[in-house]
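All figures in this text were calculated on a predicted structure; none of them were measured in a lab.
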Amino acid sequence: MGDVYLSTLKPNEYGRIKGIDSGCKANKRLYELGLYKNALVKVVKNDFGPVILNLSGNKLALGRGLASKVLVEPYFFERN
Amino acid sequence: MSIIALVGNPNSGKTTLFNALTGSNQHIGNWPGVTVEKKEGKFKHKEKQYSVIDLPGTYSLGAYSEDELVARNFILSGASDVVINVVDATNIERNLYLTTQLLEMGVKVVVALNMMDEAKQKNIEIDVCALSKSLGIPVVATIASKNKGLEDLIEKAVEYASSGEQPRIDISYGEEIDREIDRVKGFLDSSKSDHPKWLAIKLLEGDEEIYKLVEKKFKLPEDLLASIKEKTPDYELEIVDKRYAFVGNIVSLAVKKPAREVETITDKLDKIVTHKYFGIPIFAIIMFIIFQLTFVIGQDLLGGYVAGFVEFIGENLVKLLELINSPEWLQSFVSEGIFGGIGTVFEFIPLIVVLYFFIGILEDTGYMARAAYVMDGLMRAIGLHGKTFISMIVGFGCNVPGIMATRTLDNKKDRMIALLINPFMSCGARLPIYLVFIAAFFPNNGALVLFLLYAFGIVMALIMGKIFSKVLFKEESSHFIMELPPYRLPIFKYVIRSMWDKVWDFLYRAGSIIFVVVALLWVLSVLPFGVEPYSQESILGRIGTILAPIFAPAGFGTWQATVSLFAGIAAKEAVVAILGMVYAGVSEGTELVLALQDVFTPLTAVSFLVMTLLYTPCAAVLGTVKRETNSVKWTIFMALYTFVLGWIVAVLIYQVGRLLGF
Ligand SMILES: Nc1nc2c(ncn2[C@@H]2O[C@H](COP(=O)(O)OP(=O)(O)OP(=O)(O)O)[C@@H](O)[C@H]2O)c(=O)[nH]1
Ligand SMILES: [Mg+2]
């Protein structure tokens with residue numbers, strides 16, 4: 001499955017962070033905020049304004065511009 | 001005396017812990033970035049005094065914004081004997097990321113594993129012993145808001161501070177980077193720096209501040225610096241990754257959390273509050289309800305008692321002064337200056353306190369971050385950063401902390417604009433002016449008029465923000481990144497305590513700056529000897545008369561209104577105090593309201609209110625602007641542009657209103 005931009009995920013979809021390309025300073029900031037490589041994120045809200053993410057139980061709002069520079073690999077929980 | 005520093009991610013509970021330890025009353029709020037300054041407090045433990053430093057929250061030791069810089073500079077200064085690292089147990093990975101950085105620096109760290117109540121609720125199990133073992137430092141579980149675990153924490157911190165143990169941590173960044181770190185460290189070692197390894201890592205991570213510091217302090221060879229510069233783009237994210245991998249290892253051993261989170265109350269509330277269309281209307285409704293409740297509780301329920309009490313004391317004190325044959329000037333000063341002036345301001349205290357109470361609750365619930373979120377779209381459209389809105393809401397209490405709150409904006413442009421528009425947020429000290437005029441002219445629509453004034457302030461702030469971002473600062477606004485903390489129930493004890501704090505603060509101001517202004521202007525209003533006090537012939541009257549034509553086009557060109565406005569630049573409460581004093585003789589008792597009805601019309605009342613909303617902020621705010629911008633030029637700009645803007649809008653309102661026949 002190919003990587004997609006975080007901003008394209010729909011609410012309740014999960015993704016694993018693969019890379020960020022937003023210009024150097026913001027890159028590191030995002031890493032340090034918990035969007036490090038292979039971190040699992042869930043999109044909570046993505047319609048208008050900043051995207052809201054759930055990062056292992058904590059919510060983070062991320063400007064749309066930034067979210068469209070974060071590459072993720074879509075992730076699916078196995079049904080049980 | 002040992003010094004203990006509190007360090008941790010934003011909103012992890014540092015200030016809550018600080019207050020619990022020292023009995024202080026520093027501002028706590030449920031959003032990231034409440035504390036923006038370093039604060040010191042003291043406590044005693046086993047007969048010994050300790051000093052505690054509360055610092056702004058920070059995600060890492062690479063500082064991005066002003067408040068983070070404060071934290072980092074303090075840690076770097078090496079002034080603390082031990083650091084209590086407050087860790088939010090519900091977000092342990094990211095919090096421990098900072099911990100590893102602290103350990104790499106070689107500072108003595110004790111972890112306060114805070115918010116254990118919430119971790120439990122979320123079914124997160126943490127093996128405190130295992131965590132402590134793998135980090136090699138003491139870890140203590142705490143619930144700062146309930147005073148749980150604090151004794152133990154202090155015990156451990158004090159013990160650790162005085163022990164000879166040194167923290168040891170060894171993160172491998174991969175062969176190549178490790179080799180590079182060693183090489184740079186070698187150079188730093190020979191220059192006798194404090195934390196050579198940490199500095200080496202920071203250099204390779206591309207930390208600009210550290211780069212400057214090293215460049216200045218140690219003479220590293222040019223080619224070394226150049227090779228560092230060249231390598232950092234490849235290294236920096238790798239270093240962060242490895243640090244997270246290190247933390248991940250520790251966490252996987254010590255922490256068990258549910259694989260998939262369940263929908264919490266916070267999630268449910270957020271669906272409504274951050275809704276695409278309802279978000280902004282909900283914010284407006286919340287503010288309106290707050291004003292309505294403020295009127296009902298502050299005025300109808302409590303207002304009468306306080307007003308009655310002030311009048312009772314005033315009348316009896318004057319009687320007493322007559323009885324003991326005190327000089328007439330003293331009687332006049334007490335009855336008109338103190339009770340006519342400052343007393344009038346006092347009568348509005350209940351409303352102010354009740355408003356603060358509600359704003360306090362709003363801050364504690366976690367709604368502030370949501371307000372910033374829903375406003376971001378609008379703010380962005382006019383070139384501002386969504387976080388600006390938080391500094392604006394804080395400004396509703398007082399513009400001084402409002403301006404301080406702009407420290408959390410990490411881009412210079414965003415920060416300057418947020419700072420320049422903050423005074424349009426109507427502060428508590430301007431409230432008495434609104435309230436006295438509302439009582440005189442709009443008694444039946446109090447909450448609505450108040451709401452409109454506040455809303456007008458916001459609108460003007462946005463308009464000016466747009467202009468500034470177009471004209472003065474041309475850079476891009478930085479990205480919106482903000483944590484949305486879980487909703488929390490306000491802790492009643494703290495809300496009440498901070499409310500009392502506000503009351504004391506007001507009493508203090510009433511006894512200092514406001515008193516001085518009133519006393520000074522009182523003297524001017526009874527001199528020269530022989531004139532009718534508070535008349536146009538008094539010195540004050542003459543000064544006011546000279547300046548009054550400035551305000552004639554706005555409809556309130558009386559000398560009384562003029563001097564009150566200028567007095568308001570010292571402290572906004574002085575506007576009402578001075579009006580109360582000069583009009584005290586006009587009608588019976590201290591009824592300023594009746595006097596205003598004679599000299600203002602509803603239209604001039606509105607233009608006067610808008611003027612007081614917009615014109616030059618008080619001296620304390622200007623002082624803060626000077627401190628924060630470190631520029632006299634910007635301070636003068638602030639004082640002047642607000643005055644001119646207030647004047648223009650007031651004139652427009654009056655002239656247009658007159659044309660329309662009001
Ligand atoms: N449930 C729970 N809430 C807590 C605990 N400690 C603090 N809080 C709440 O967490 C929020 C943030 O607390 P603060 O003390 O302001 O956090 P801070 O670390 O000083 O935050 P900044 O100054 O923004 O860096 C407040 O709403 C507190 O009431 C705790 O142990 N349990
Ligand atoms: Mg704090």
Side-chain angles (χ1 to χ4, degrees), chain A residues 6-7 10-71 75-80, chain B residues 9 59-60 62 64 88 90-94 97-98 101 122 124 205-208 232-233 236-237 239-241 243-245 247-248 257-261 264 266-267 270-271 274-277 279 369-370 372-378 380 385-386 410 477-486:
Chain A
L6 186 54
S7 54
K10 293 198 187 65
N12 290 324
E13 289 183 344
Y14 286 78
R16 265 195 200 289
I17 306 285
K18 285 297 154 198
I20 308 171
D21 183 22
S22 65
C24 45
K25 230 178 168 182
N27 262 351
K28 197 161 160 209
R29 178 63 148 184
L30 288 180
Y31 262 59
E32 291 178 344
L33 272 161
L35 289 172
Y36 48 90
K37 207 176 262 174
N38 289 325
L40 188 63
V41 300
K42 175 175 134 185
V43 170
V44 175
K45 178 173 182 281
N46 183 3
D47 45 18
F48 177 77
V51 178
I52 301 182
L53 305 174
N54 190 324
L55 262 169
S56 59
N58 303 285
K59 293 181 130 178
L60 187 72
L62 204 63
R64 190 153 282 281
L66 264 186
S68 60
K69 284 171 184 144
V70 177
L71 264 182
Y75 180 89
F76 302 95
F77 273 97
E78 278 153 41
R79 262 160 230 251
N80 49 8
Chain B
N9 280 188
Y59 292 109
S60 71
Y64 298 85
D88 176 353
T90 66
N91 196 352
I92 199 154
E93 271 108 344
R94 200 198 56 213
Y97 178 85
L98 176 67
Q101 287 198 315
K122 287 187 167 178
I124 302 173
E205 247 183 277
D207 188 307
E208 284 164 27
T232 45
E236 63 173 359
L237 296 185
I239 290 178
V240 179
D241 258 350
R243 234 179 244 141
Y244 266 117
V247 170
K257 45 162 82 178
R260 231 170 144 167
E261 32 321 295
T264 59
T266 294
D267 296 325
D270 271 348
K271 279 208 175 118
T274 62
H275 189 273
K276 183 155 63 158
Y277 303 119
R370 275 73 186 182
Y373 172 86
V374 295
M375 293 303 277
D376 184 67
L378 182 62
R380 195 150 293 276
H385 193 282
D410 44 333
S477 191
S478 66
H479 295 290
F480 186 83
I481 309 177
M482 182 152 193
E483 259 191 283
L484 305 177

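- Once rounded to the nearest 0.5 Å, the distance linking CG of A/Leu33 with CE of B/Met482 reads 11.5 Å.
- Between the side chain of B/Tyr373 and the backbone N or O of A/Ala61 there is no donor-acceptor pair closer than 3.5 Å.
- Of the charged side-chain nitrogens involved, none lies within less than 4.0 Å of a carboxylate oxygen, so that B/Arg94 and A/Glu32 do not count as a salt-bridged pair.
- Under a 3.5 Å cut-off, the side chain of A/Lys59 and the backbone N or O of B/Pro486 do not form any donor-acceptor pair.
- Heavy atoms only, all atoms of each residue included: A/Ser56 and B/Glu93 are closest at OG-OE1, 4.3 Å.
- Interface remark: of the candidates A/Val44, A/Asp47, A/Asn38, A/Leu40, A/Asp47 forms the most heavy-atom pairs closer than 4.5 Å to chain B.
- Proximity to chain A (any heavy atom under 4.5 Å) is shown, for B/Asn9, by neither the backbone nor the side chain.
- Heavy-atom minimum distance, B/Thr274 versus A/Lys45: O-CE, 3.0 Å.
- Within the 4.5 angstrom heavy-atom criterion, only side-chain atoms of A/Asn54, from C-beta onward, approach chain B.
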Using the rule given for side chain to side chain contact (heavy atoms under 4.5 Å, CB included), can you reason through A/Leu60 versus B/Leu484, listing the C-alpha separation, both sets of side-chain angles and the distance that settles it, and then say yes or no? CA-CA 6 Å; A/Leu60 187 72; B/Leu484 305 177; over 6 Å; no
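- With sequence neighbours excluded, no residue forms a ring-ring contact (aromatic ring centres under 6.0 Å, His included) with A/Phe48.
- Rounded to the nearest 0.5 angstrom, A/Leu30 CG and B/Tyr59 OH are separated by 11.5 Å.
- Residue with the most contacts toward chain A among B/Leu98, B/Asp241, B/Val240: B/Asp241 (heavy-atom pairs, distance under 4.5 Å).
- Interatomic distance, B/Lys271 NZ to A/Ile52 CD1, rounded to the nearest 0.5 Å: 11.0 Å.
- Remark: side-chain polar atoms of B/Tyr244 are paired, donor with acceptor, to backbone N or O of A/Tyr31 under 3.5 angstrom.
- Most heavy-atom pairs under 4.5 Å with chain A: of the set B/Asn91, B/Thr264, B/Asp376, B/Asp270, this distinction falls to B/Asn91.
- Heavy atoms of other residues, nucleotides or ligands lying less than 6.0 angstrom from NZ of A/Lys37 number 12 at most.
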The test is side chain to side chain contact (heavy atoms under 4.5 Å, CB included); show your working for A/Tyr36 and B/Arg243 and say whether it passes. CA-CA 10 Å; A/Tyr36 48 90; B/Arg243 234 179 244 141; over 6 Å; no
